[in-house]
Each structure stands twice: as structure tokens, then as C-alpha cells.
Amino acid sequence: MFCAGHMRQSVLNVLRPLYLLLLFSVLRPGAMIAQDIDILLRGGHLIDAKNKINGRMDIAVSKGRIVKVSPSIPSEKAERVIDLNGLYVTPGLIDIHTHVFVGPEAGFANGFYSVSPDDFTFKSGVTTVADAGTSGWRSFPLFKKQVIDRSQTRVLAFLNIAGSGMTGFPSEEDINDMDARMTSLVIGQYPDIIVGVKIGHYRGSDWTPFDRAAEAAGISDVPLLVECHLPLLPLEGILSRMKEGDIYTHSFCVASDRECLLDEKGRIKPFVAEARKKGIRFDVGHGGGMFHFNVAIPAFRQGLWPDSFGTDLHRISMNSGMKNMLDIMSKYLNIGMSFEDIISRATWNPAQSLKREDLGHLGEGAVADIAVFSIREGRFGFIDAAGYRLDGDRRIETELTIRAGRVVYDQNGISARSWLENQTIKF
Ligand SMILES: [Zn+2]
């Protein structure tokens, strides 16, 4: 006579081999062949400066990483295939100069000045930003909790030598709160996020703030970012104090509170050429008022090209001539820089500037931060910080942005299926 317990046992005895067979087939190498590749990007023109690729390549993405880059990857192993014929594929862009910490205080930067990264990054193909010292060692933990941990964009940070960051005058200029030891201590606590030290707003003639920032950068072996609103400190002294790998931003501007890189005849000053030879990197840092065609174009023609296209993204600049990183890149495309040179200055170069060589390329094993662009031809205008226009015939536009293997922006639905395939409601 069978009882319910016996019956259950017999069923289990019959099912166990089937279950084991199923388990074995799932674990066996190659069994999950249909899902080997989460996304296959097919037929795009890849520009990857680190890996010296400038041509047609297929790219396979799995579990958030690049697993294969090859002229032809079979599509039957892919869960999803995105056709990128006629489009450019690049590593996700890196913007090394942004302001994305809102903070608790309504000072110069905090409160009304900064923007939320995800709102503006992906639509420009940007997957990594570095905040340019909006926080200092005192406010960094709040910045991390409030923005960095909650953003899909990878947010890195330069720490302001001013302990509370960009809180405006007078606290931002309080030399007593510029502590090299505390700054480097906090850098040591967050080595994956903090990439450097920033010296920014200081209107005195004392070199102490600059020297403390350089000291903190030296202790931590990270670059010094000079976001130079230092009207009483001569440029030659600033550049001579900077070391190889340090970054000078707002490079191509004429402003009353800073000395221009060019002399009154538009020639590169000799000590600027020396600084470049020494390995100082020059970032655009366009901002609302920090990029002028009458400096950038003569500098470009004399070989002083930007090493990176930092936007100085904040609420004011994004609605001015700057707009976004692609607008700056398009300006250089129309000034005469090749698209390949532009992409390397938006990806691999800034990754090296931040000493984050895990980023800015699409080598096998790298995180799948990817951007896809088209270059539109037509009649376009570009505006500098003084409101002057450059006419151009090409504009770079985002088609698709992928962050850690996930589509986070798709301008024209190239990764999506037709609505006619939607079977949720049948009529
Ligand atoms: Zn800035």
C-alpha cells in the first residue's frame, strides 16, 4: 500500500537523475553558449588609442566587461546584437573637470552651482567624470554618500586643498583650513575614487595655499589640478612649481583674473612651452567663461593642443557656449583636429592623466564603458566663452552609451526592437 510519503519518495527517485543531468548540462563548459555574449556590437568603426585600433571591429560584452574584440564575431552566441554600421565606437568618454557635489552649504559652488552627473553625462557619451575639487577633505564623505554612491556615472574626485571645498569666500580662502596631511589622509582612505588634489580660488599673493596643495599631491603621489583663479600668482611661478603629470585647466582663455598662455602677439610664452616639455598637461576646462577661440585657435596652430576636454560642467556653463563635452570636441573637429586625435584626448589621455589606466580603452577584460557616435554634416555654429561664433560643417552626436555593459542612453533606438514586436497586448 502506498502512502503519500512513499509516493513523493518514488517521484523524487525518478526525477533525481533528470535533475542531476540538467545540473550537469548547465555547469558543463559551453552549455550556456546562447548567453556567452550579452551584447554584440557589430560592424562599427572602433577608435581605441591604447590598443592602437582605428578600423572596423566587432565587440563582445559579457557580464559588464569586454570579452572579445575582433574583425568578425559570430552572432549566434549573442543574446543581443546591435548593428553599428556607419557609426564610430569608442571607449566611454572621460570628463576630468566637472562640478557634481551639491553639498550642504549655499556657497560659490555648493547648492546652486553643481549638477547631478547622470542627468548630463550619458547623453554626451560620458561614462566617467572627475569632480574638480567641489569637495575638500571635510566634505568628501558627504559627497560620496550623496552623489558618488548614488550615481550610475563613475564619479572620481580631485580634493580641494580647502577643507570644505568650494564654499566661496572667505572659507575657501582660509589658509588655516588648508591641511596637506588631512587631505592626503582622506585620499588614502578612498584610493579608488580620489584621483588628485585641486588648488583653485585664492586671491592672495602668498604661495602657501599652492604649496600645501602640491605637498598633499606629493605625499599621495597623485596629480595636482590647478584650476587657476589665482590672480596675484604669476603663471611662470605656477608652472615652474608644477610637476610632470600635473594638470593645468582653463588653458585657453583670456580673463582678468589670470595670465594667458599666449603673449600679446598671440605666441606661446616660452615658459609655457617649457612646462609642456616637462610633462604638464593642459586641460580645456571650458566652463562658462574660460575658453576663447582667439586663444585656442592660435595655440592649436602652434601645436599647443589640449590633452583633455574637461568641460567644467556646472549649471551655468552647460547653458552657455560650453553645453557639453561633445560641443567642445566638435569645436576642435572644426578647428582642424582629426576625429582620432579628438577621441584619444577624450578617452585614453584623460585615463592616463587620472592614473586610471584601467579606463579609457576597450581591451579584452576592460569594463564595458562604451560610446557610439555619428558625425553629422551640415551648417553648425559654435560659441566660445565670450559669445563669439565659429562656423563649422560637422557636429559629433551621441548614438548610444553603455555603462558597465548596460545600455544607459540610446538616441535613435538602435539597441531596441521595433514596437511591432511588442506582444504584451494582442489586437
Ligand atoms: Zn571648475
Side-chain angles (χ1 to χ4, degrees), residues 93-103 105 107-117 120-121 124 126 128-136 139-140 143 147-148 153 155-162 164-169 171-173 194-203 209-210 213 217 223-231 233 238 242 246-258 261 281-292 295-296 306-325 327-328 350 353-354 384-385:
L93 306 187
I94 301 174
D95 184 349
I96 73 165
H97 186 156
T98 63
H99 294 283
V100 293
F101 173 44
V102 174
E105 298 169 56
F108 172 69
N110 297 343
F112 67 92
Y113 186 77
S114 293
V115 298
S116 170
F120 305 101
T121 48
S124 299
V126 174
T128 297
V129 299
D131 179 89
T134 320
S135 76
S139 49
F140 178 78
F143 176 31
V147 178
I148 297 172
T153 308
V155 180
L156 307 174
F158 287 89
L159 270 199
N160 202 314
I161 190 60
S164 301
M166 288 172 68
T167 50
F169 183 79
S171 60
E172 197 178 339
E173 300 197 31
I194 304 177
V195 290
V197 178
K198 182 196 108 162
I199 171 73
H201 304 87
Y202 175 69
R203 292 174 292 185
F210 192 97
L224 176 68
L225 174 69
V226 181
E227 189 195 24
C228 190
H229 301 281
L230 308 162
L233 301 181
I238 290 170
M242 291 171 72
D246 288 347
I247 305 159
Y248 185 88
T249 186
H250 302 319
S251 297
F252 306 103
C253 81
V254 271
S256 56
D257 68 342
R258 64 184 46 234
L261 301 189
R281 290 167 177 255
F282 291 89
D283 177 56
V284 169
H286 190 304
M290 296 291 150
F291 178 86
H292 298 100
V295 179
D307 292 300
S308 49
F309 299 110
T311 56
D312 193 12
L313 176 75
H314 50 70
R315 198 159 287 159
I316 302 162
S317 66
M318 56 172 283
N319 289 313
S320 72
M322 190 283 285
K323 298 183 181 69
N324 55 47
M325 192 158 160
D327 203 79
I328 302 174
S353 296
L354 302 177
D384 75 4

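Read the numbers this way: they start at 1 and go in the same order the structure lists the ligands and their atoms.
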Of all N/O/S atoms in [X], the name of the one nearest the Zn ion (ligand 1):
{"X": "H97", "answer": "NE2"}
{"X": "E227", "answer": "OE2"}
{"X": "D312", "answer": "OD1"}

Contact flag H314/the Zn ion (ligand 1), N/O/S atoms, threshold under 2.8 Å: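 Checking the Zn ion (ligand 1) against H314, no N, O or S atom falls under 2.8 Å.
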Minimum heavy-atom separation for M318 to V115, with atom names?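 That would be SD-CG1, 3.8 Å.
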Quick check: closest heavy atoms across N160 and G133, and the distance to 0.1 Å?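 So the minimum-distance heavy-atom pair works out to ND2-O, 2.9 Å.
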With D95, which of V126, T121, I328, V100 fulfils side-chain contact (heavy atoms from CB on, under 4.5 Å)? V126
Determine whether the side chains of H286 and D312 contain a donor N or O and an acceptor N or O closer than 3.5 Å.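 There is no such pair (donor and acceptor under 3.5 Å, judged by atom type) between the side chains of H286 and D312.
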